[in-house]
Amino acid sequence: MELVQVNDSNISIYLNLTQAYEAEFSPLTKKVPDNDGKFALDTPIEGNVLGFLLYFDGVPAGLAAIADHGNCHYEVCDFYVVPVFRKNKAGQRFAHSLFSMMPGEWESKQIEGAVHAIAFWRRAIGAYTNEQYAEDIYHDSYWGDVTRQRFTISV
């Protein structure tokens, strides 16, 4: 497993993977592709949003978009592992690697109906924090009511 930060040389790989991510969530987001068959992105890699790629044996296997809100406060905006790689807790190891890279205050939100994503984040965060996290229903100005986990990663 290798994590690589998105930059100009690999942004196309990230953007390709985002299409699968957007398609997977389209039943919940109600998004449809444009006339070129592409989904619009909600979280571009720019400004305070960092992108990461997950690789297994040199093959792109996942992505993450993490917003850095300053003062060691991070938010998981997008997170995706290609289905064939969803074994041996690959997604959890990916998430844990990101947490380890950036200690501080974290939050993750899942849209209404994202049952598998909610279960994943509860397991991943719970395993990393020894179940020391807070969860609530939060009204997000863009997504509406979302399930949110908040937790702290110490240095």
Stepwise side-chain contact (heavy atoms from CB on, under 4.5 Å) check, I153 with Y128
CA-CA 9 Å; I153 305 300; Y128 195 88; 3.2 Å; yes
In residues 7-14, what donor-acceptor pairs under 3.5 Å come from side-chain atoms, sequence neighbours left out?
unit_1	atom_1	unit_2	atom_2	d
N7	OD1	S9	N	2.8
N7	OD1	S9	OG	2.6
N7	OD1	N10	N	3.3
N10	OD1	N7	N	2.6
N10	ND2	Q5	O	3.2

Chi angles and distances behind the side-chain contact (heavy atoms from CB on, under 4.5 Å) call for V6, L50
CA-CA 7 Å; V6 173; L50 306 172; over 6 Å; no
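- The distance from atom CG of L17 to atom CD of E22, rounded to the nearest 0.5 Å, is 12.0 Å.
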Begin with the C-alpha distance, continue with both residues' side-chain angles, and end with the deciding distance and a verdict on side chain to side chain donor-acceptor pair (under 3.5 Å) for D78 and Y21.
CA-CA 8 Å; D78 294 340; Y21 169 76; 3.1 Å; yes
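- Smallest separation of non-hydrogen atoms from K31 and A40: NZ-O, 2.6 Å.
- Note on V146 and L28: same hydrophobic cluster, where clusters join Ile, Leu, Val, Met, Phe, Trp and Tyr whose side-chain heavy atoms are under 4.5 Å apart, directly or indirectly.
- Ring to ring, F99 and F151 are close: their centroids are under 6.0 angstrom apart.
- Side-chain contact between Q19 and L15 is absent, with no heavy-atom pair separated by less than 4.5 Å.
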Check against side-chain contact (heavy atoms from CB on, under 4.5 Å), T147 and Y138:
CA-CA 6 Å; T147 300; Y138 171 80; over 6 Å; no
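- Here the SG atom belonging to C77 is positioned 12.5 Å from the CG atom belonging to L41, to the nearest 0.5 angstrom.
- Distance check, rounded to the nearest 0.5 Å: OG of S97 to CD of Q92 gives 10.5 Å.
- Connection of I111 to V115 is not established within any shared hydrophobic cluster, with ILVMFWY side chains joined at heavy-atom distances below 4.5 Å, either directly or through further cluster members.
- Remark: side-chain polar atoms of D34 are paired, donor with acceptor, to backbone N or O of D36 under 3.5 angstrom.
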Which is it for Y80 and T18 under the side chain to side chain donor-acceptor pair (under 3.5 Å) test, yes or no, and what are the steps along the way?
CA-CA 8 Å; Y80 176 73; T18 61; over 6 Å; no
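- F94 and V84 fall within the same hydrophobic cluster, where Ile, Leu, Val, Met, Phe, Trp and Tyr residues are linked whenever their side-chain heavy atoms come under 4.5 Å apart, directly or through other members.
- Here the shortest heavy-atom pairing between H96 and A124 reads NE2-O, 2.8 Å.
- Between atom NZ of residue K109 and atom CG of residue D145 there is a gap of 12.0 Å, rounded to the nearest 0.5 Å.
- Contact between P103 and Y74 at its shortest, heavy atoms only, is O-CE1, 3.5 Å.
- In this structure, the ring-ring contact (aromatic ring centres under 6.0 Å, His included) partners of F120, at least two apart in sequence or on a different chain, are F79.
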Would you please test S108 and I125 for side-chain contact (heavy atoms from CB on, under 4.5 Å) and show each step?
CA-CA 9 Å; S108 179; I125 294 167; 4.3 Å; yes
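- Within the 3.5 Å criterion, the main-chain N or O of G104 finds no donor-acceptor partner in the side chain of H73.
- With rounding to the nearest 0.5 Å, the separation of CD in Q132 from OG in S154 is 11.0 Å.
- D140 places a side-chain N or O within donor-acceptor distance of the main-chain N or O of Y142, the cut-off being under 3.5 Å.
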Contacts under 3.5 angstrom, residues 51-71 side chains, donor-acceptor by atom type, not counting sequence neighbours:
unit_1	atom_1	unit_2	atom_2	d
D68	OD1	G70	N	2.9
H69	NE2	E75	OE1	2.9

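- Between E112 and R148 there is no salt bridge, since none of the side-chain N atoms of the basic residue sits less than 4.0 Å from a carboxylate O of the acidic one.
- E24 approaches P27 most closely through the heavy-atom pair O-CD, 3.4 Å.
- Here the side chains of Q110 and Q149 are in contact, with some heavy-atom distance below 4.5 Å.
- Within the 4.5 Å cutoff, no side-chain heavy atoms of R150 are placed close to those of Y133.
- Using a 4.5 Å heavy-atom threshold, the side chains of D42 and W143 count as touching.
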